[in-house]
Each structure stands twice: as C-alpha cells, then as structure tokens.
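In what follows, every chain begins at residue 1, and chains take the letters A, B, ... in the order their sequences are listed.
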Amino acid sequence: MKVRTRFAPSPTGNVHIGNMRAAIYNWLFARHHGGEFLLRVEDTDRERSTQEAIQTLLDAMAWLKLDVDGEPLYQSTRMEIHLEAAELLLSKGLAYKEDKGGLGQGECIIFKMPGTDASFEDGIKGSLSTAAENMQDFVIVRSNGTPVFHLANVLDDIEQGITHVIRGDDHIENTYRHMALYQALGADVPNFAHLPMIINAQGKPYSKRDGDAFVGDFREKGFLGDALFNYLALLGWSPGDDREVMTRDEMVEAFDLARCQSSPAQVDLRKLTWMNGEYMLKLPTEEFIATCFCEIEKGGIEAAPDYAKAVFGLVRERVKTVVDIVPMVAYLFTEEFEYEAKAVRKKLQKDGVREILEQVKSIFQALEIFDEASTDQAIHDFIETSGLGFGAVMAPLRIAISGIQSGPDLFPMLEVLGRERVTGRIDRTLAQFLA
RNA sequence: GACCCCUUCGUCUAGUGGCCUAGGACUCCAGGUUUUCAUCCUGGCAACACGGGUUCGAACCCCGUAGGGGUCGCCA
C-alpha cells in the first residue's frame, strides 16, 4: 500500500518548530517511501483561523520546501460529514447522548470506549499500552452541535487515506482513543509514530512566551530555509553515520523512523548558526548577491550596483546568517562609519603610527594602478625597506579604513574601496585620532 | 495524585552483550599554516543519572530509585 502522511496544523498565525519538525519528518518519511505527503488545515477554530494565518502557514512550508501532494483539505468544509458519522455511531450504539451539565448547553454526543486494554506498536517508541480503566468515554460532538478534534481528526485521516500518523508524543494518550474510533468507524487503524518534544534552553517545554520558537522567528534571525530544514531533521534523527550537512536527497534516502530519538531535544542556536554558515557558502553566487541587495535595501543603504556587488564578494565566505550582512558591509557604503574605541586605543594611538599611515598614504597616491596586487606589492616593499613588522602596518591601516580590527582580506578591500576613499579615510583618521 | 513516556560529553548524537581506555559534530581552549582578517590543520577539555541483579563479560538485558516530561477538557 502506498504510504500517505500528512501535516495537520491549525492555522493560528504561528507555526511552532516542534510542529514544523513533525511536518519535516512526515515529508521525509513519505518521500523516502515514494508515497504522498498531504496537508490538512484544521481551521475549525473560526476565531483564529484567518486567511492571513493560513498564508503564513503556507509561506513557512514553501520556505522549507515542503511540497504537498494534492489539494489541501480544509477541515471546516467537512462539518456535515463529521456530524453524520457521529449520528451513525449513535445509531449503532457506539455512542450516546448525555447532558453533562456544567455549561448548561444541553446534550452532547459521547463516544463509548470499548472497555478493553489497548496497545499498539509505535514506530519510534516501540510497544505502548495502557489499561482499560485509564480511558474514559469522551465527547465527540459538543452540545452546540460542533464536532470535537478527536472525531474530526480521525475522520479526515480516513478520508485522506493516511497510512502513517507521525505526530508529537503529547498525542500518545489520544492514540488509544483514536484507535477505538477507527475501529468503531470500520476503518483500518493507521501506523502511529510519536516524536518527542523540542525543549528550550532551560530544558523545559517551549511555552507561549518563548518568543524564539516559531518558524518565522528563525527566518527573521537570518537563517536559511534549507539550513533550518537540515538542522531540524537532525534534531531527533540521525542517519547512523557521521554525516550532518546533507542534501535533501541524502536525507530522503537515509530517513528511517526507527532511527529517531525517543527523548526530547534542545535547539542549539550555535550549532544552527554553524550549519547555516555551511549553507551560506553553498548558495549560488547570484542568489547570495540577490540576498545581499535585499538586506542592504532593508537596512536603508543605497549603493551603485557594481560597487555593491564588489563589496558583497568581499564578505562572501564570512557570512554566517543573512542578518550578518548589513553590519558586515555597512562601513563600506558610508564615510560616516564609527571607529571602535578599543581598536583605536590599542592599535592606532601608538608611537609611530602617524608616520606609518602618512607614508602608506603617499605610497598609495604614487601608485600607477591602485588594485589588490599593486597595494599588496607596495605594502610589502614598504615593510622591506622600513624594517617594520607586517602587523605594525596592516593593523593600523585596517582600522584607519574600516574602524574595526577584523574584516575582509585587506588588499581586495582596498581595491574595492578605491584610492580616493582609502586616502580620504586615512586623512580622516589622522585628523581625528593622531593630530 | 493516577496512568504513560524519557534519561550517553554543556548541546545534537553514534553505540542494540565483547570492536568502548565510549566515536563524531557544535561550542570553548592550546598550538600550527596564512607576514592583515577569516578560513584551514593538529591537539585538548568534556558523558554512559543512581543502586541492585543476570552474565565469563553490560552504555547496551531485568528490577528498583531519583530526576524530567506528557496525559487526565463540551482545546487542538
């Protein structure tokens, strides 16, 4: 039988990474088995399920390249069918009506649990079981006439022909109920696999107040969709060898529920950042350039396209996340950049520095051509003849033209800036700190 | 509280009775290469929750303890 999995989120405007990881595992599992990955939007909460929220969800999936087979099923369109099924259960004596009081809304429909012990083979956790007395009858249709999650969820999974339900382990107890529902409805019980939760840096489950656990937040923090996908895939699963940075195809090929962890995992932003850097490096140059333009525009920087491209080339291999870009290149687009106080104190305001910078400036002015090779040669000649150390010249020069101690390779950076800017910046430095 | 689940370096993990003086990755530290910055290379720190069994032998099997988590809704 063809494998069919699904992702069934409620569109509330934010998708938690725990849910998104479940989506990734469902996707990986389906693709591994040559099956289908379906989407079902559980939008029965009319309050929160706005068109915007649905779009946010779709955007997040597109960002992570989770392609869906077939059209999404909107749960809100199926209420009649859910209700009919409840009536059927009622007529078969598998459910009953009762006024449970409390809210005083009249009678609701309650599903009758079979009263037997239950067990199943979980795809990740192995054999799971519970005794009959732990499972009470439960409401499937509210007294206001709307179907409850359990009923709708099971009916829709049947409708979509889901063969493998891969979800968070907070659903384990529900699984016993759902299995009984499948049986009462005369449907085949699918395979279940329960993923452990993702926990925060304190080792606790993410709460609504942990602002950094939504998919959109990771995008805003400058992570790439492919990198987050890879990272999340490895958070709770491993291919069994030492591979970590893997292509989609490799992950699809290697994915196996049996290799999934059954204990919770913590997100480590440092490792995600490292992995993101690996993906930044792999980005095709045009894509990297396009991303950079997009970022500086957001950062309010205006620049001539050719000059900007040259600047981006300078930081190509150093960018770890998308949001690194602007701070890393900002001083190359303005003459109003700041000087780092510590750098000035340690490397600039020292005896002899003034003379060195003055000499470097005049050497640069005398150059026939001002480019990477010529400045490199000129500085080396200067060091040779003056007897100065390389660092004694390079460090002050770097700070004079950039304001900071670290940054791109210096000679290419000189070429990109051009003679005029470079000498101008040296003058400014001299006037400001070494007058 | 009851029931269920979980427990290897700080973090993600490998490990399914001998290959384990427990391997890899991230982070951190120390050297080295690069006469700038970064990269890179080498090395280092660092873990089987605890206690009992079973066994010639246990991170791996069993029991218990502790700790953590989940569920117990006319939420999903």
- State which of B:A76, B:C12, B:C6 makes the closest approach to the side chain of A:S263. B:C6
- Please give, in whole Å, the distance from B:G70 C1' to A:L195 CG? 14 Å
- Message: Would you measure the distance from the P atom in B:C41 across to the matching atom in B:A25 and give it in whole Å?
- Response: 10 Å
- Task: Give a yes/no on whether any side-chain N or O of A:K204 is located under 4.0 angstrom from OP1 or OP2 of B:G69.
- Result: yes
- Message: Mind checking if A:T12 touches a base, just sugar-phosphate, or nothing, with heavy atoms under 4.0 Å?
- Response: nothing
- Query: Would A:D156 and A:R40 pass as an ion pair if we require N to O under 4.0 Å?
  - Reply: yes
- Message: When the P atoms of B:A14 and B:C61 are compared, how many Å lie between them, rounded to an integer?
- Response: 14 Å
- Task: Report the distance from atom CZ of A:R270 to atom C1' of B:U27, rounded to the nearest whole Å.
- Result: 4 Å
- Query: Roughly how far apart, to the nearest Å, are B:U33 and B:G69 at atom C1'?
  - Reply: 49 Å
- Query: So, the side chain of A:D324 versus the backbone of A:K320: is there a donor-acceptor pair under 3.5 Å, distance only?
  - Reply: yes
- Task: Look at the side chain of A:R318 and the backbone N and O of A:G407, then say whether any donor-acceptor pair between them is shorter than 3.5 Å.
- Result: yes
- Task: For this output row, return yes or no: ring centroids of A:F29 and A:F37 closer than 6.0 angstrom.
- Result: no
- Message: Taking the minimum atom-to-atom distance to the side chain of A:R318, which one of B:A76, B:C12, B:C37 wins?
- Response: B:C37
- So which nucleotide does B:G1 pair with, by the Watson-Crick or G-U wobble rule with both distances under 3.5 Å? B:C72
- Message: Taking B:G43 as the reference, what is the distance to B:C26 when you measure between their P atoms (whole Å, please)?
- Response: 14 Å
- Message: Distance check needed: B:U11 P versus A:L234 CG, whole Å only.
- Response: 17 Å
- Query: Base, sugar-phosphate, or nothing: which does A:H380 touch, judged by heavy atoms less than 4.0 Å apart?
  - Reply: base
- With sugar-phosphate meaning primed atoms plus P, OP1 and OP2, does A:I379 contact a base, only sugar-phosphate, or nothing at under 4.0 Å between heavy atoms? nothing
- Within the 6.0 Å centroid threshold, strictly below: A:F149 and A:H178: yes
- Message: Using a 6.0 Å cut-off, check whether atom CD of A:E335 has over 12 heavy atoms from anything other than its own residue.
- Response: yes
- Task: Let me know, please, whether A:Y231 or A:E173 comes out on the 5' side of the other along RNA chain B by nearest nucleotide.
- Result: A:Y231
- Task: Round to a whole Å and report the spacing from CD of A:E133 to C1' of B:U71.
- Result: 16 Å
- Message: Can you tell me which nucleotide in B:U7, B:U36, B:A76 comes closest to the side chain of A:F149?
- Response: B:A76
- Message: Please determine whether any donor N or O and acceptor N or O are separated by less than 3.5 Å between the side chain of A:T130 and the base of B:C3.
- Response: no
- Task: Determine the contact category for A:G168: base if any of its heavy atoms lies under 4.0 Å from a base atom, sugar-phosphate if only primed atoms, P, OP1 or OP2 are that close, otherwise nothing.
- Result: nothing
- Message: Any side-chain N or O of A:R259 below 4.0 angstrom from OP1/OP2 of B:U13?
- Response: no
- Message: What I want to check is whether an N or O donor and acceptor connect the side chain of A:D409 with the base of B:U36 at under 3.5 Å.
- Response: yes
- Message: Let's test this: given Watson-Crick or G-U wobble pairing with both distances under 3.5 Å, identify the partner of B:C28.
- Response: B:G44
- Tell me, please, whether A:F138 has A:R177 positioned over its six-membered ring: NZ or CZ under 6.0 Å from the ring centre and within 45 degrees of its axis? yes
- Message: Side chain of A:T44 only, heavy atoms from C-beta on: which candidate in B:A76, B:C12, B:C74 is closest?
- Response: B:A76
- Message: Using OP1 and OP2 only, check whether a side-chain N or O of A:Q261 sits under 4.0 Å from B:U7.
- Response: no
- Task: Name the closest nucleotide to the A:D268 side chain, picking from B:C26, B:U35, B:C12.
- Result: B:C26
- Message: So A:D241, base contact, sugar-phosphate only, or nothing? Heavy-atom distance under 4.0 Å.
- Response: nothing
- Note on the structure: Closest of B:C5, B:U36, B:U13 to the A:F390 side chain is B:U36
- Residues A:S402 and A:Y339: side-chain donor-acceptor under 3.5 angstrom: no
- Which value, in whole Å, describes the distance between the C1' atoms of nucleotides B:U7 and B:G64? 15 Å
- Item | Distance in angstrom units between A:M179 CE and B:C4 C1', rounded | 13 Å
- Message: If I pick the C1' atom on B:A49 and the same atom on B:G10, what distance separates them, to the nearest angstrom?
- Response: 16 Å
- Out of B:G24, B:C37, B:C74, minimum distance to the side chain of A:D242 belongs to B:G24
- A:I198 CD1 to B:C6 C1': how many Å, rounded? 16 Å
- Task: Determine the contact category for A:Q266: base if any of its heavy atoms lies under 4.0 Å from a base atom, sugar-phosphate if only primed atoms, P, OP1 or OP2 are that close, otherwise nothing.
- Result: sugar-phosphate
- Task: Mind checking A:A395 for me? I need base, sugar-phosphate or nothing, with any heavy atom below 4.0 Å counting as a touch.
- Result: nothing
- May I ask you to verify if any side-chain N or O of A:S238 is less than 4.0 angstrom from the OP1 or OP2 atom of B:A14? yes
- Measure the distance between the ring centre of A:W274 and the centre of the six-membered base ring of B:C26, then answer whether it is under 5.5 Å with planes under 30°. no
- Using a cut-off of less than 4.0 Å, is there contact between a side-chain N or O of A:K271 and OP1 or OP2 of B:C12? no
- Atom CZ of A:F120 to atom C1' of B:C5: distance rounded to whole Å? 11 Å
- Taking for A:P147 and for A:P408 the nucleotide of RNA chain B with the nearest heavy atom, the one nearer the 5' end belongs to A:P408
- Message: Do the side chains of A:D226 and A:K282 get close enough for a salt bridge, i.e. N-O under 4.0 angstrom?
- Response: no
- Item | Who pairs with B:G64 - Watson-Crick or G-U, where each distance is under 3.5 Å | B:C50
- Query: In whole angstrom, what separates A:M135's CE from B:G73's P?
  - Reply: 15 Å
